Amino acid sequence: KATVSVLNCGRRTHNTYTPRPLRMAHFASEPEAILATSDLLDDATLNGGGDEDVASAQTVHIKCQQRNARKCITSIQGLHPDLDFKRLLKAFKKNFSCNGAIVEDKDCGTVLQLQGDQRGNASDFLIREGIVKKSNLQTHGF
């Protein structure tokens, strides 16, 4: 008779997974680590910018749309076209712990969509970072 070990049965007896060391993350309390307005703008705006300030360019609309019974989407439209939307969306997603997308609309231009009701967070962030003045920000929704 062949003897088979009951303990390992031909399998590995130990776990081969070794966890990776933890990395330090940037915290939202560090303002310089979050985002700088000059980092969001293209070089053309900074070098050849006209008399008009980027923060006072136009009205920014923040809307919350009901998706189904409990879910909603926050959309931000009217941001200056020279902003780096990918970097701005990345900062939103990291600070608000939500998902988001950039949508190109022929009527509204570039629209940022965030998962959940992020109207207050988004407006506070845009004002704090100097991207939009409070007088040019309009919040809509239920």
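Every value quoted in this text rests on a predicted model; they were computed, and no experiment measured them.
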Practice task
Nearest 0.5 Å please: distance from the CD1 atom of I131 over to the CD1 atom of I76.
Solution key: 9.5 Å
Completion exercise
Residues passing the side chain to side chain contact (heavy atoms under 4.5 Å, CB included) test with N99, sequence neighbours excluded, are K93, Q115
Exercise for the section: Before giving the answer on side-chain contact (heavy atoms from CB on, under 4.5 Å), spell out for V132 and T59 the whole-Å C-alpha distance, their side-chain angles and the decisive distance to 0.1 Å. Expected result: CA-CA 8 Å; V132 177; T59 303; over 6 Å; no
Handout entry: CD1 on I62 to CD on Q138, rounded to 0.5 Å
Key = 10.0 Å
Exercise for the section: Check the hydrophobic clustering (I, L, V, M, F, W, Y; side-chain heavy atoms under 4.5 Å; chains of links allowed) and say if L79 and I102 are grouped together. Expected result: yes
Handout entry: Q66 side, atom CD; R70 side, atom CZ - distance, nearest 0.5 Å
Key = 11.0 Å
Completion exercise
So CD of Q113 and CD of Q77: to nearest 0.5 Å the spacing works out to 10.0 Å
Practice task
Please identify each residue that fulfils side chain to side chain contact (heavy atoms under 4.5 Å, CB included) with K90, with sequence neighbours left out.
Solution key: none
Fill in the blank from the handout: Between D117 and C72 the two heavy atoms that sit nearest each other are N-SG, 3.4 Å
Completion exercise
Sequence neighbours excluded, the answer for side-chain hydrogen bond (donor to acceptor under 3.5 Å, both in side chains) partners of T110 is E104
Problem - Gap between atom CG of D124 and atom CD of E129 - 0.5 Å precision - result: 11.5 Å
Completion exercise
The side chain to side chain contact (heavy atoms under 4.5 Å, CB included) partners of K106 (sequence neighbours excluded) come to none
Practice task
Give a yes or no answer on whether the side chain of T74 reaches the backbone of C64 with a donor-acceptor pair at less than 3.5 Å.
Solution key: no
Handout entry: Qualifying ring-ring contact (aromatic ring centres under 6.0 Å, His included) pairs, either residue in residues 92-114, two or more places apart
Key = F92-F96, F92-F125
Handout entry: Interatomic distance, H80 atom NE2 to N136 atom CG [nearest 0.5 angstrom]
Key = 11.5 Å
Exercise for the section: Using side chain to side chain donor-acceptor pair (under 3.5 Å) as the criterion, point out the one residue from R119, K63, Q65, H61 that pairs with H140. Expected result: H61
